[in-house]
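None of these values were measured; they are calculated from a predicted model. In what follows, residues are counted from 1 in the order of the sequence shown.
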Amino acid sequence: MNIIKTLDQLPEKRPVVLAFGFFDGVHRGHQAVLQACLRLAREKKAMPAAVTFYPHPLTVLLPSASIQLLLSESEKEELFKQMGFETTVVISPTEEFLGQSAGRFLQSLSRITSLCGIVTGENFTFGKNAEGNAELLNSYFLDKGIFIQIVKLEKAKGGVISSTRIRKCILQGDVKEAGYFLGRPYRICGDIIHGFRRGTEVLGFPTANLKPER
């Protein structure tokens, strides 16, 4: 997996199709967007690249905000790799980046000479105060030779599948329901650390003490 930090680092001579989103959890809705990107890239004989952000943009605009992420950045990148992505663009959003107009953001995309397609979910927003949306993205590139695909939101069990909904399931202890929306069992990863040996010495069997990322 090739990890780059800016869109300017994308290859200039190889066509590329971008999938845009924060993709926290890489749940079934995200997977629909990412799979659409992979299919379009195959059709265009282009390189598929997932474009995501870290940290969460809200924590940049509002430092006191607490966003309980479902995945660490490395876990997210590993899921992209498993799906078949060669490249991930991890943009570190700054106040300047988040404060740019939707038009300026679209202009920066149009300057990517290798760009031949963009795939996003229908709720994708961009630009200051989220003034840009999927419809604006589509209309801007309509006559520029860049194919835009907008993927409808995935729905299940009476509502839209979202990271917020999955977080709520986990906080309520319903990991089975969370796994259903994720499309795989929920898991956490971290380093094995030494504990107080209560498992071995008190319970009679060893346990693993896991220190996950924040």
Trainee: Sub-3.5 Å donor-acceptor pair from the side chain of Glu131 to the main-chain atoms of Ala102, do we have one?
Mentor: yes

Trainee: In Å and rounded to the nearest 0.5 Å, what is the CZ to CG distance from Arg28 to Leu182?
Mentor: 10.0 Å

Trainee: Would you compute the distance between atom SG of Cys169 and atom NZ of Lys176 and round it to the nearest 0.5 angstrom?
Mentor: 12.5 Å

Trainee: I need the Leu40 CG to Ile148 CD1 distance, nearest 0.5 Å.
Mentor: 9.0 Å

Trainee: Phe80 and Phe23: aromatic ring centres closer than 6.0 Å?
Mentor: yes

Trainee: Tell me whether the rings of Phe105 and Phe20 are parallel (<30°), tilted (30 to 60°) or perpendicular (>60°).
Mentor: perpendicular

Trainee: Applying salt bridge (charged side-chain N to carboxylate O under 4.0 Å, His left out), run through Glu177 and Lys157 and close with a yes or a no.
Mentor: CA-CA 10 Å; Glu177 189 83 337; Lys157 298 190 177 185; 2.8 Å; yes

Trainee: Can you find a pair of side-chain heavy atoms, one from Arg167 and one from Ile67, that are under 4.5 Å apart?
Mentor: yes

Trainee: State whether Tyr140 and Lys144 meet the cation-pi test: NZ (Lys) or CZ (Arg) under 6.0 Å from the six-membered ring centroid, and within 45° of the perpendicular axis.
Mentor: yes

Trainee: Hey, what do you get for CE (Met47) to CG (Leu18), rounding to the nearest 0.5 Å?
Mentor: 7.5 Å

Trainee: Please step through salt bridge (charged side-chain N to carboxylate O under 4.0 Å, His left out) for the pair Lys168 and Asp174, ending with a clear verdict.
Mentor: CA-CA 9 Å; Lys168 184 177 180 180; Asp174 194 349; over 6 Å; no

Trainee: Do Tyr186 and Val26 land in one hydrophobic cluster if side-chain heavy atoms of ILVMFWY residues count as linked below 4.5 Å?
Mentor: no

Trainee: Would you say Met83 and Ile161 are hydrophobically clustered, going by side-chain heavy atoms of ILVMFWY under 4.5 Å?
Mentor: no

Trainee: Can Val16 be reached from Leu137 by stepping across I, L, V, M, F, W or Y side chains whose heavy atoms are under 4.5 Å apart?
Mentor: yes

Trainee: Using 0.5 Å steps for rounding, measure from the CE atom of Met1 to the CD atom of Gln82.
Mentor: 9.5 Å

Trainee: Could you give the distance from CG (Asn123) to CG (Leu153), rounded to the nearest 0.5 Å?
Mentor: 4.5 Å

Trainee: Any donor and acceptor pair, going by atom type alone, linking the side chain of Gln100 with main-chain N or O of Glu96 inside 3.5 Å?
Mentor: no

Trainee: Is there a path from Val17 to Ile150 through hydrophobic residues (I, L, V, M, F, W, Y) whose side chains come within less than 4.5 Å of each other?
Mentor: yes

Trainee: Between the side chains of Ser162 and Thr164, is a donor N or O closer than 3.5 angstrom to an acceptor N or O?
Mentor: no

Trainee: More than 12 heavy atoms of other residues, nucleotides or ligands under 6.0 Å from CD of Glu135: is that the case?
Mentor: no

Trainee: Does Lys76 make a cation-pi contact with Phe22, if we ask for NZ or CZ under 6.0 Å from the ring centre and within 45° of the axis?
Mentor: yes

